[in-house]
Participant: 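One structure, pasted below without further comment.
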Amino acid sequence: MAEFSLPKTYDFKPVETRLYQWWEERGYFRPAGEGSPFVISMPPPNVTERLHIGHALTFAVEDLMIRHSRMHGVPTLWVPGVDHASIATELQVEKELLAKEGISRRELGREAFLERAWRWKERYGGIIREQLRRLGASCDWERERFTLDEGLSKAVIEAFVRLHENGLIYRGDYLINWSPGLQTAVSDLEVEYREEQATLYYFKYRIEGSEAHIPVATTRPETILGDTAVAVHPEDERYRAFIGATALVPILDRPIPVIADEYVDREFGSGALKVTPGHDPADYQIGLRHNLPVINTMNKDATMSEAAGPYAGLDRYACREQLWADMQAAGLTIKSEPYLQQVPRSQRGGEIVEPMISTQWFVRMQSLAEPALAAVRDGRIRVVPERFAKVYFNWLENIRDWCISRQLWWGHRIPAWHCGNCGEITVARETPPGCSHCGSIEIEQDPDVLDTWFSSALWPFSTLGWPDDTEDMRTYYPTALMETSYDILFFWVARMIMMGLEFTGEVPFRTVYLHGLVRDGQGRKMSKTLGNVIDPLEIMDEYGTDALRFTLLTGSGPGNDMSLSMERVAANRNFANKLWNAGRLILGAVEAAPAKPEGHPSRTHADVWILGRLNQVIREVDRLFASYQYGEAGRQIYEFFWGDFADWYLELSKIQSEGGGDRAWLTARVLVHVYHNCLRMLHPYMPFVTEELYATLKSACEAHPARYGPKRGWEQALIVANWAEAGPEEPWEKEGVEAFRLVQELVTAIRNARAEKGVATGKKIAAGIRAGARAEFLQANQAAIAWLARLDGGKLRIASDLDAPPSSVRLVVGPVEAFLPLAGMFDLEQERLRIAKELDGTRMETARLERLLAGEFAQRAPGDVVAKERAKLEGVRQTAEKLAEQLRALED
Ligand SMILES: [Zn+2]
């Protein structure tokens, strides 16, 4: 019989490895069954990455949705993949190159560098995949994709060429954020603004042909060299007279106009503005309005260009100092003062980015944004939680063109060829034989690659085979849902919607589910600087994957950040153990149960109660799942399993099974029923321990002559088993649950009273229950009450009316009263002696303190010390009074 027993403790490590392999080998991760499928494209982690806690939450939530869907018999597909992560990977590879060989990527050359990058990817790209397996992610590995693989590269080129054909891609001079260190443009979204201490420099803009000047302030004096106007507010009385005059650029003496523009903030600095269209986004806009020339005074490595005249070749900050010194010498400076400024820094490299004019490739966004706005407005796409829809609208309504070229090598190279002869550009799907304009063969491919997010924007359909008309594309597109963290709503989600609509004519997914960020136990954002980064792999090693998943899944709700505390993880490890131990008890009950009943045993009140509660919980969990409240659903299952099933019913099942026979047969049946349904509901949260327990329970039940089990029989594995089913609500459920609550309340009241009186845990005491109209019901549960409240069965009297025994504790529980005779709780004589002795002790202490406070001490010791002793005396006196009272009660 021991064949189906479980080891004493749950050793998660070997179980997790074995089960994942088994699931994968049996093909359970592939979509199966009929009907309309449920598909999620996994947000591809960067190939450079190791699993961090944010991933763990993302993949846990998605795996929960996927497993839940699979258990409903829906063809379910989760498409995994990895992102090449252009800039992040290139940085890593270059860093390694510099560290190991002391050469830069430019010294190595493009081809050789890409070879290194691929090698690097082969070496490290597998780590994140292994870590996903550890997390239990049930994605279809046979469909795994990489953004730089052949199929996806084809999709990227196709998308680029089509956008170009439709006039949505253009090359333009544009003010971009330039990262001098990385030597590439970075997108607006990749720039972080930090408040930093800076200096505000005030100086004079001399007016040509007069002694007058306009005072101007700037935080970046080196940009003065690129000024092409001075702007004042048209209604500013101070400067009105200068409008139309000519000002002279300090040191260079280049003449520029004084213009009027309402954009100028009269309150800032001196109220007049220097305009540098080549190096400031707001100035760039002013320049467009006034048709000002654009002067680029900086090289791509942030040294000053030829246009900077005598300062050419200096670094931007060296130039700042030199120019300011020269201006001071020339009497052109006014003052400088400290100033708090929002400084734009590159999210990747950390350096200050320079707004700079440069020729880049752009996607025109306006016409792409409109259908994307409509799709969410008219409900074809639902955003959960809804409040993020507003953020989405706001961004798309104010969208700017997307700069998609990056001066990097690792990525999709732009499919455009520049002609050395006529200077025109040929955009093509494949390397063209020559220039499409003049036929010259003197053509060269554009050196830039596409922004990483360009390929990610195509992810939901490129992974299914687009642009080819594949079986997968026809079957699984549009996908059902996009699940990701809210911080990449713009980077990624909005762009997928725009590209999906543009290229497939359909929304790429019907629901966008956004989860929050994981913070530490104190609610702080995790960061290396704070040293509070929690490594999910360490947690899985120590507590098991199920404990981590359950903590992440029950600690978060849609769109809200969550705090991850190690106490919760430890508690959830205990929950896994609780499931395990319950399994052991149930297997024992099944083994001991007879093969079949003699008669037709009816359910006990406890049976009815637990079966009713189970149905309630299943319905509640279904309702919560339907509204994406996975956290609350998980907490309800936990509460039910631990609070109702394990603490009450499992306890009761012991006495119900005690005598064997029909009662034991039925009890085992109820235990198995509730237990396998709990395992079903818990499986998406804790896939490993539940699968292991399910397998053992299934074998034990199938081998037992009573063949306990679900109506439709045991499924081959829990991962592909049916979800728990409650059926429509029946009248007995609510009644049964309500009725049994009286037993629970009564038992709880007695337990509390025992604890209060310090009755030894194992000691059985007497009790009388005046039950009124509920007498018959409680009598039927007499054995249960006695067992649970540790009452002496022979001395438990339940009657509609009975007299309160002398010196007893009286408890009122709803319509029922319980009396616990004190005499039965402990040995009265011993208790009397114990209290008397304690009372003696307190009296001696009282006397000591009284003496102390009456003597010299009270005059000489510091006031607060004396006050402390007085308070002590007061406390001891009160204790003595209480003890005396207890003693009197015992002597009654
Ligand atoms: Zn040409």
Side-chain angles (χ1 to χ4, degrees), residues 84 86 90 105-106 108-115 117 148 150-176 178 183-185 187 277-278 284 287-288 291 293-296 298-301 305-307 356-368 400-455 457-458 462 467 499 502-503:
H84 66 286
S86 197
E90 186 151 327
R105 70 176 173 124
R106 282 173 205 287
L108 188 63
R110 186 169 193 139
E111 292 311 310
F113 180 82
L114 285 176
E115 225 169 83
L148 274 183
E150 205 183 313
L152 268 62
S153 299
K154 184 177 165 190
V156 166
I157 296 203
E158 182 66 27
F160 185 95
V161 173
R162 283 201 206 173
L163 288 173
H164 186 261
E165 284 168 357
N166 295 340
L168 294 177
I169 281 192
Y170 64 92
R171 242 160 88 83
D173 273 354
Y174 205 75
L175 197 78
I176 46 141
W178 180 259
Q183 289 280 298
T184 182
S187 84
Y284 183 74
L288 289 179
N291 213 4
V294 174
I295 300 177
N296 192 349
M298 216 177 276
N299 297 315
K300 295 199 162 165
D301 58 0
S305 72
E306 290 302 315
M356 216 189 267
I357 288 291
S358 135
T359 306
Q360 300 286 341
W361 290 89
F362 290 88
V363 177
R364 230 182 279 284
M365 298 306 275
Q366 192 62 41
S367 64
L368 293 170
R400 292 170 56 183
D401 285 354
W402 177 15
C403 174
I404 49 168
S405 42
R406 294 290 183 273
Q407 290 63 51
L408 300 168
W409 290 341
W410 177 246
H412 302 98
R413 193 161 173 181
I414 291 178
W417 285 261
H418 300 263
C419 178
N421 181 42
C422 71
E424 292 289 338
I425 292 173
T426 307
V427 169
R429 286 175 178 84
E430 275 157 28
T431 310
C435 171
S436 64
H437 303 271
C438 71
S440 162
I441 53 162
E442 227 187 286
I443 52 169
E444 213 172 305
Q445 188 169 4
D446 194 291
D448 292 353
V449 299
L450 290 164
D451 180 8
T452 293
W453 297 100
F454 190 89
S455 54
L458 315 175
S462 64
M499 294 303 175
E502 172 72 10
F503 293 118

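As the structure lists them, so they are numbered: ligands from 1, and atoms in each ligand from 1.
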Participant: How far apart are the C-alpha atoms of S358 and Q360, what are their side-chain angles, what is the distance that settles it, and do they pass the side-chain hydrogen bond (donor to acceptor under 3.5 Å, both in side chains) test?
Facilitator: CA-CA 6 Å; S358 135; Q360 300 286 341; 2.6 Å; yes
Participant: Can you check side chain to side chain contact (heavy atoms under 4.5 Å, CB included) on I169 and V427, steps first, answer last?
Facilitator: CA-CA 11 Å; I169 281 192; V427 169; over 6 Å; no
Participant: Knowing that exactly one of H412, R413, Q407 qualifies, which makes a side chain to side chain donor-acceptor pair (under 3.5 Å) with D448?
Facilitator: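 One option only clears the test, and that one is Q407.
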Participant: So does R364 pair up with E502, basic N to acidic O under 4.0 Å?
Facilitator: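 Result for this pair is no, no salt bridge flagged.
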Participant: What are the protein N, O or S atoms, given as residue plus atom name, that sit under 2.8 Å from the Zn ion (ligand 1)?
Facilitator: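 Sorted hits: C419 SG, C422 SG, C435 SG, C438 SG.
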Participant: Quick check on E444: does its CD atom have over 12 non-hydrogen neighbours (other residues, nucleotides or ligands) under 6.0 Å away?
Facilitator: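 12 or below, so no.
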Participant: Taking NZ, NE, NH1 and NH2 as the nitrogens, is one of them in E158 or R162 under 4.0 Å from a carboxylate oxygen of the other?
Facilitator: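 Salt bridge: yes.
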